[in-house]
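One structure is given below, encoded as structure tokens.
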Amino acid sequence: MECKICWTPYDPATGDDFRQVLPGTPFTKLPEDWHCPNCDAPKAQFIVQTDPGAPALLEQNRIDAQVAALVADFREIWHSKMRDVPLVNKALSIEAVGFRSHAGRGLGVLVSPWFMNLIVLPAEGEDWSGLIPGVKEDVDFPSGTYEFIHNRREMVGGYKACSLYATMGDFQTQMQAVDLARAVMIELFKAENRAETDRAAEIRAARAAELAAIEAAEAEEAASDARAEALSQPTRRRLISAGLAGEGETE
């Protein structure tokens with residue numbers, strides 16, 4: 001899409017940093033109060049420039065349907081089971097944030113009054129109804145490897161969840177929680193955020209210690225060989241002493 005006033009384009013692939021619109025957001029999913037970042041023209045002043053994303057739009061519509069079921073499922077949990085639990089944050093509500101297609105699967109953050117989870121939904125044609133709740137699986141992203149837990153719900157079916165916050169008491173408003181969820185979806189794909197795991201550091205440290213021990217043993221062995229060779233080659237002093245001793249014995 002492009003603005004017919006100033007010809008500024010909106011590219012779904014890049015989104016809009018100024019309004020914190022995530023990459024991958026179709027024009028139809030922009031907030032209603034979104035305006036041209038250059039001339040402040042409203043959405044209605046944008047016209048189609050090119051339409052290469054029709055398949056992507058269909059994929060997003062499929063993911064949106066899954067997300068709607070996910071949200072409905074957890075809203076039912078909230079109203080039927082969690083509303084009166086003491087540890088929930090009643091300033092928050094159920095909201096899906098930043099869901100997009102990643103490797104053919106829906107990926108986004110689910111915010112609730114009692115948790116914030118990164119969620120992966122099945123791809124087109126994938127049947128996750130057989131997922132066993134509680135089973136763990138590592139999933140790789142540019143920023144690192146994250147542990148997801150398999151789950152199943154009646155409305156959404158099978159899905160995988162990575163806990164970002166197990167309690168939500170630190171959030172004062174829904175906007176604060178949603179802004180953090182949006183930031184997660186951006187930072188998740190930054191390779192510079194990849195952190196070295198403690199286990200990887202331990203493995204490297206153990207290997208370095210092993211190599212140092214091998215080098216020390218080799219050095220000790222070389223020193224021992226040098227001492228043995230020195231003893232096997234008589235010095236001039238020893239030769240003279242031996243000669244004198246031999247002469248004394250003859251006399």
Side-chain angles (χ1 to χ4, degrees), residues 15 19-22 24-26 28-34 59-124 126-139 141 146-189:
R19 283 292 304 273
Q20 291 188 318
V21 174
L22 296 173
T25 303
T28 55
K29 296 297 180 181
L30 291 175
E32 289 304 316
D33 62 348
W34 185 85
E59 171 67 0
Q60 188 63 43
N61 288 340
R62 183 189 70 82
I63 292 171
D64 288 347
Q66 290 179 311
V67 172
L70 181 73
V71 169
D73 219 333
F74 277 90
R75 280 180 180 161
E76 192 277 330
I77 295 173
W78 167 241
H79 290 297
S80 65
K81 299 178 181 179
M82 298 299 297
R83 183 179 288 275
D84 296 323
V85 174
L87 294 179
V88 301
N89 185 343
K90 293 187 177 181
L92 305 181
S93 59
I94 307 293
E95 185 172 347
V97 180
F99 273 83
R100 53 181 283 194
S101 179
H102 171 66
R105 299 187 176 104
L107 173 71
V109 176
L110 184 65
V111 173
S112 86
W114 68 98
F115 70 83
M116 184 187 297
N117 285 350
L118 186 63
I119 302 289
V120 177
L121 299 169
E124 179 75 29
E126 276 189 319
D127 182 8
W128 284 4
S129 61
L131 291 184
I132 300 174
V135 171
K136 297 177 181 179
E137 175 185 349
D138 289 339
V139 180
F141 291 94
Y146 300 86
E147 184 180 83
F148 282 73
I149 298 177
H150 294 185
N151 292 276
R152 281 203 317 264
R153 291 295 308 164
E154 183 177 350
M155 297 184 194
V156 73
Y159 67 96
K160 300 171 185 178
C162 173
S163 177
L164 301 175
Y165 282 85
T167 59
M168 301 294 282
D170 292 337
F171 295 96
Q172 303 299 315
T173 65
Q174 182 76 7
M175 182 178 294
Q176 186 183 26
V178 168
D179 284 346
L180 180 61
R182 287 174 177 160
V184 167
M185 288 299 294
I186 293 172
E187 298 300 321
L188 188 65
F189 292 94

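Under the 3.5 Å distance criterion, the side-chain polar atoms of Glu124 are left unmatched by any main-chain donor or acceptor of Gly104. A distance-only check finds a donor-acceptor pair linking the side chain of Asn89 to the backbone of Met168 [under 3.5 Å]. The backbone N or O of Ala183 sits nowhere less than 3.5 Å from a side-chain atom of Glu187 that would complete a donor-acceptor pair.
For the side-chain contact (heavy atoms from CB on, under 4.5 Å) criterion with Phe99, the lone passing option out of Leu121, Val71, Leu22, Val109 is Leu121.
The two residues Ser163 and Asn117 come nearest to each other via the heavy atoms CA-OD1, 3.3 Å. In this structure, Met185 and Leu107 approach most closely via the heavy-atom pair CE-O, 3.6 Å.
Counted within 6.0 Å of OH on Tyr146, heavy atoms from surrounding residues, nucleotides or ligands total more than 12; the atom is thus considered enclosed. Summarising the local packing, CG of Asp170 is surrounded by 12 or fewer heavy atoms from other residues, nucleotides or ligands at distances under 6.0 Å.
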Problem - Evaluation steps, side-chain contact (heavy atoms from CB on, under 4.5 Å), between Val139 and Glu137 - result: CA-CA 6 Å; Val139 180; Glu137 175 185 349; 4.2 Å; yes
Practice task
Kindly determine whether Phe171 and Leu180 satisfy side-chain contact (heavy atoms from CB on, under 4.5 Å), including the steps that lead there.
Solution key: CA-CA 10 Å; Phe171 295 96; Leu180 180 61; 3.5 Å; yes
Exercise for the section: Applying side-chain contact (heavy atoms from CB on, under 4.5 Å), run through Ser101 and Ile63 and close with a yes or a no. Expected result: CA-CA 7 Å; Ser101 179; Ile63 292 171; 3.6 Å; yes
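A distance below 6.0 Å separates the ring centres of His102 and Phe189.
A salt bridge is absent between Glu76 and Lys81: the closest approach of a Lys/Arg side-chain nitrogen to an acidic carboxylate oxygen does not fall below 4.0 angstrom. A salt bridge does not link Asp73 to Arg152: none of the charged nitrogens lies less than 4.0 Å from a carboxylate oxygen.
Within the 4.5 Å cutoff, the side chain of Leu110 has no heavy atoms near those of the Glu95 side chain. His79 has its side chain out of reach of Phe74: every pair of non-hydrogen atoms, C-beta onward, lies at least 4.5 Å apart. Proximity of Leu188 to Leu118: side-chain heavy atoms (C-beta onward) are separated by under 4.5 Å at one or more points. Between His150 and Lys136 there is no side-chain heavy-atom pair separated by less than 4.5 Å. The side-chain heavy atoms of Ile77 and Trp114, taken from C-beta on, include a pair separated by under 4.5 Å. Between Ile119 and Phe148, the closest side-chain pair of non-hydrogen atoms is not below 4.5 Å. A heavy-atom distance below 4.5 Å is not found between the side chains of Leu164 and Phe115. Using a 4.5 Å heavy-atom threshold, the side chains of Trp78 and Val88 count as touching.
Residues satisfying the side-chain contact (heavy atoms from CB on, under 4.5 Å) test with Leu87, not counting sequence neighbours, are none. Applying the side chain to side chain donor-acceptor pair (under 3.5 Å) test to Asp64 and every residue at least two apart in sequence or in another chain returns Lys29, Gln60. For Ser93, the side-chain contact (heavy atoms from CB on, under 4.5 Å) test picks out Gln174, with sequence neighbours left out.
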